[in-house]
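Notes follow the structure.
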Amino acid sequence: MRQFTHLFCKFFLIVILSFSIASCTDYKVNDKHSNVYRGTSAIVFDSMDHNFGTIVEGAKISHVFKFKNIGSGLLIISSVKTSCGCTISKFKKKPVPPGGEGSLEVIYNSSDASGYQLKTVEVISNAFRKVLVLKISAEVVSK
């Protein structure tokens, strides 16, 4: 019985190590970027939040969040979700190569708003951290 337990432990250890090594290796993407090896992408923004300060109700303002792919694979932003209809985003949907940079514009419409406003923008990608949350804020005053 002792030999069986010892043998089972060795087998289990070999299986675990095999899966660990396999999960760390890169593999080729099977699409138009087939010459690029796919690793793990990682997105880093220059800032995660932006405060517009005091603005007048009805103003449409925008901020551009810049980012960089610091990973070893292609970065693909699949979608961007805003916390309300008063906020929209614009970004290029093309893959960002390792070391490449990109930007995401956030536009806020302050119509029918007053007081302190905090809006969030969820960036969903294939990066190591799948979802990142950007924030914009402003103090909206009457006209």
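Note that the structure is a prediction, hence the values are computed from the model and not measured. FYI, the numbering just counts along the sequence from 1.
- Under a hydrophobic-cluster definition in which Ile, Leu, Val, Met, Phe, Trp and Tyr are linked whenever side-chain heavy atoms come within less than 4.5 Å, directly or via other members, Phe52 and Met48 are assigned to the same cluster.
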- With side chain to side chain donor-acceptor pair (under 3.5 Å) as the test, would you mind laying out the steps for Ser41 and Asn126 before giving the verdict? CA-CA 7 Å; Ser41 59; Asn126 69 332; 3.2 Å; yes

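- Environment of NZ in Lys119: crowded, with over 12 heavy atoms of neighbouring residues, nucleotides or ligands closer than 6.0 Å.
- One finds the CD atom of Glu122 at 15.0 Å from the NZ atom of Lys130 (value rounded to the nearest 0.5 Å).
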For residues 131-143, run the donor-acceptor check on the side chains, cut-off 3.5 Å, and write out each pair with its distance to 0.1 Å, sequence neighbours left out.
none

Indicate every side-chain donor-acceptor pair of residues 100-109 with a distance under 3.5 Å to a residue at least two apart or in another chain.
residue : atom : partner : partner atom : Å
Glu105  : OE2  : Ser62   : OG           : 3.3
Asn109  : OD1  : Ser111  : N            : 3.0
Asn109  : OD1  : Ser111  : OG           : 2.9

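- Annotation: the span from Ser110 atom OG to Lys60 atom NZ amounts to 9.5 Å, rounded to 0.5 Å.
- Every pair tested for disulfide (SG to SG under 2.5 Å) that includes a residue from residues 98-143 fails, sequence neighbours excluded, so the list is empty.
- Applying the ring pair (Phe, Tyr, Trp, His ring centres under 6.0 Å) rule to pairs touching residues 55-82 yields Phe45-Phe67, His50-His63, His63-Phe65, sequence neighbours excluded.
- In plain terms, the two heavy atoms of Ala127 and Ala42 that are nearest each other are CB-CA, 4.1 Å.
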Hey, can you pull the donor-acceptor pairs under 3.5 Å for the side chains in residues 74-93, sequence neighbours left out?
residue : atom : partner : partner atom : Å
Ser78   : OG   : Ile124  : O            : 3.1
Thr82   : OG1  : Cys84   : O            : 3.2
Thr82   : OG1  : Thr87   : O            : 2.9
Ser83   : OG   : Thr120  : N            : 3.1

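- Listed by first and then second residue, the disulfide (SG to SG under 2.5 Å) pairs that reach into residues 112-143 come to none, sequence neighbours excluded.
- Separation of atoms CD1 (Ile43) and OG (Ser125) is listed at 5.0 Å; rounding is to 0.5 Å.
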